[in-house]
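Heads up: the structure comes next, in structure tokens.
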2 protein chains.
Amino acid sequence: MAMQRCCPPPKLVRRDFEPAAALLKAVADPYRLTILATLAANDHEVCVCDFTDALPLNQPAVSHHLRVLRDAELVTCDRRGTWVYYQLAGDALERLNAALATIFRKKVHA
Amino acid sequence: MAMQRCCPPPKLVRRDFEPAAALLKAVADPYRLTILATLAANDHEVCVCDFTDALPLNQPAVSHHLRVLRDAELVTCDRRGTWVYYQLAGDALERLNAALATIFRKKVHA
DNA sequence: CCGCTGTATTGACAAACTTCGATACAATGG
DNA sequence: CCATTGTATCGAAGTTTGTCAATACAGCGG
């Protein structure tokens, strides 16, 4: 009565996806995407106060999102006097592409 | 006493990042990355039972993660008899790259 | 020093996500 | 039909995440 096996056992992928998932999670938020896109559109740095102006969030919430991006090392910050300026990390795009590549990289080929 | 303005007002980016964020959120999980990578590594389809074998999750949890990926239209499924086979959506990589591109696309240039 | 402004951190609460057990649904074999 | 197996959904924990109010910290001007 045993049915035949459903399919030949597939190649099981057993890598550690935690780092890639953590990086993707850091960008998987509309406000954080807005922040990153604003930084990308402005080659010069952007002051925190501009984000608090632009986003419908209060100042601590903006600071929280900036911290998530900082912890993921997708942005860097630089305090000059009273103000803190953020900019995109140089390898942000590269690291995000690498995270996506963990999904699609085939056996030997690419 | 008023200090000078912190910086020239930056180009404010005000796009709708909800769709991109939703797509990225769907992949921002280690188990779902494992599922996607397994599907990518196996050009043929993969049966649900293989995921329940490979992941340290019970069957409803696996089904939940597959549903998240289905809702994001990153995978498609096909029931044949008792078994359900999943495969990567053809445009999965393209759509994820497009989501990342929402961040980095500059004004006119690229 | 003191007060002021910009930013970061903390604590509390609500919402969302993940997981599990139980159960329902689908398809096959008897 | 009925029992069995594979898969999906439901409902209820536990955990994480996002937001706010309050507060702390940093740097400047007086």
Side-chain angles (χ1 to χ4, degrees), chain A residues 1-10 17-18 21-36 39 45-72 75-87, chain B residues 1-10 17-18 21-36 39 45-72 75-87:
Chain A
M1 86 270 310
M3 315 181 193
Q4 79 282 6
R5 177 116 179 68
C6 59
C7 54
F17 289 99
E18 293 281 356
L23 190 63
L24 291 169
K25 193 179 301 186
V27 302
D29 176 276
Y31 296 133
R32 293 199 287 272
L33 286 180
T34 303
I35 290 173
L36 290 173
L39 291 174
E45 310 154 306
V46 177
C47 181
V48 173
C49 61
D50 291 312
F51 293 123
T52 56
D53 288 349
L55 297 174
L57 296 173
N58 61 13
Q59 181 268 320
V62 171
S63 199
H64 162 72
H65 287 297
L66 289 171
R67 178 182 241 287
V68 172
L69 295 174
R70 248 188 303 133
D71 288 347
V75 303
T76 57
C77 64
D78 178 33
R79 165 161 241 144
R80 283 202 298 284
T82 307
W83 293 287
V84 178
Y85 299 87
Y86 279 76
Q87 62 180 333
Chain B
M1 86 274 305
M3 315 181 191
Q4 79 280 8
R5 177 114 179 69
C6 60
C7 52
F17 289 101
E18 293 280 357
L23 190 63
L24 291 168
K25 193 180 299 186
V27 303
D29 176 276
Y31 296 132
R32 293 200 286 271
L33 286 179
T34 303
I35 291 173
L36 291 173
L39 292 174
E45 311 154 306
V46 177
C47 180
V48 173
C49 63
D50 291 313
F51 293 124
T52 56
D53 288 350
L55 297 173
L57 297 172
N58 61 12
Q59 181 268 322
V62 170
S63 198
H64 162 72
H65 287 297
L66 288 171
R67 179 181 238 290
V68 172
L69 294 173
R70 247 188 304 135
D71 289 346
V75 304
T76 57
C77 64
D78 178 32
R79 163 161 243 144
R80 283 203 298 282
T82 307
W83 293 289
V84 179
Y85 299 86
Y86 279 75
Q87 61 181 335

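Both backbone and side-chain heavy atoms feed into the values below; hydrogens, waters and symmetry mates do not.
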Given [options], identify the nucleotide with an atom nearest to the side chain of [X].
X: A:C47; options: C:dT19, D:dC20, C:dT7; answer: C:dT7
X: A:C49; options: D:dC28, D:dC20, C:dT7; answer: C:dT7
X: A:V84; options: C:dA8, D:dG6, C:dT19; answer: C:dA8
X: B:N58; options: C:dC20, C:dT28, D:dA8; answer: C:dC20

To the nearest Å, give me how far apart [atom1] ([X]) and [atom2] ([N]) are.
X: A:Y31; N: D:dC20; atom1: OH; atom2: C1'; value: 13 Å
X: A:L66; N: C:dT7; atom1: CG; atom2: P; value: 10 Å
X: A:D53; N: C:dT5; atom1: CG; atom2: C1'; value: 14 Å
X: A:E45; N: C:dG6; atom1: CD; atom2: P; value: 18 Å
X: B:L69; N: D:dA8; atom1: CG; atom2: P; value: 12 Å
X: A:D78; N: C:dA8; atom1: CG; atom2: P; value: 12 Å
X: A:F51; N: C:dA8; atom1: CZ; atom2: P; value: 11 Å
X: B:W83; N: D:dT7; atom1: CH2; atom2: P; value: 8 Å

| Least distance between heavy atoms, B:L66 atom then B:V75 atom |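 So the two residues come closest at O-CG2, 4.3 Å.
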| query | For the residue pair A:D78 and A:E45, what are the closest heavy atoms and their distance? | reply |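 Answer, listing the atom of A:D78 first, then A:E45: OD2-OE2, 4.1 Å.
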Output one line per pair: protein atom, nucleotide atom from nucleotides 9-12 of chain C, and distance, for all N/O pairs under 3.5 Å.
| unit_1 | atom_1 | unit_2 | atom_2 | d |
| --- | --- | --- | --- | --- |
| C:dT9 | OP1 | A:R67 | NH2 | 3.2 |
| C:dT9 | OP2 | A:R67 | NE | 3.1 |

Validation: residues 26-36 of chain A side-chain donor-acceptor distances under 3.5 Å, sequence neighbours left out:
| unit_1 | atom_1 | unit_2 | atom_2 | d |
| --- | --- | --- | --- | --- |
| A:D29 | OD1 | A:Y31 | N | 2.8 |
| A:D29 | OD1 | A:R32 | N | 3.0 |
| A:R32 | NE | A:A26 | O | 2.6 |
| A:R32 | NH1 | A:H65 | ND1 | 3.0 |
| A:R32 | NH2 | A:K25 | O | 3.3 |
| A:T34 | OG1 | A:P30 | O | 2.8 |

| Contact residues, residues 21-30 of chain B to DNA chain D [heavy atom, < 4.0 Å] |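 Heavy-atom cutoff 4.0 Å gives no residues at all.
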Rounded to the nearest 0.5 Å, what's the gap from [atom1] on [X] to [atom2] on [Y]? Could you check?
X: B:E18; Y: B:L23; atom1: CD; atom2: CG; value: 13.0 Å
X: A:S63; Y: A:R70; atom1: OG; atom2: CZ; value: 6.5 Å
X: A:T76; Y: A:Q87; atom1: OG1; atom2: CD; value: 4.5 Å

| field | For A:R79, side chain to side chain donor-acceptor pair (under 3.5 Å) partners two or more places apart | value | none
| query | With sequence neighbours left out, what residues match A:R67 under salt bridge (Lys or Arg N to Asp or Glu O under 4.0 Å)? | reply |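 Result, salt bridge (Lys or Arg N to Asp or Glu O under 4.0 Å) vs A:R67: A:D71.
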| query | Per the end-axis method with five pairs at each terminus, what is the bend angle of the helix from C:dC1-D:dG30 to C:dG30-D:dC1, to 10°? | reply | 10°
| said: If you apply the rule side chain to side chain contact (heavy atoms under 4.5 Å, CB included), what do you find for A:F17 with A:L24, and how did you get there? | reply: CA-CA 11 Å; A:F17 289 99; A:L24 291 169; over 6 Å; no
| query | Using a cut-off of 4.0 Å on non-hydrogen atoms, how would the nucleic acid contact of B:Y86 be classed: base, sugar-phosphate, or nothing? | reply |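 B:Y86: backbone/sugar contact only, no base atoms under 4.0 Å.
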| task | Would you classify A:R32 as touching base, sugar-phosphate or nothing, given that sugar-phosphate means primed atoms plus P, OP1 and OP2, and contacts are heavy atoms under 4.0 Å? | result |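 Sugar-phosphate contact only - A:R32 comes under 4.0 Å of backbone atoms but never of a base.
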| query | Would a 4.5 Å heavy-atom cut-off, applied to side chains only, mark A:Y86 and A:D50 as touching? | reply | no
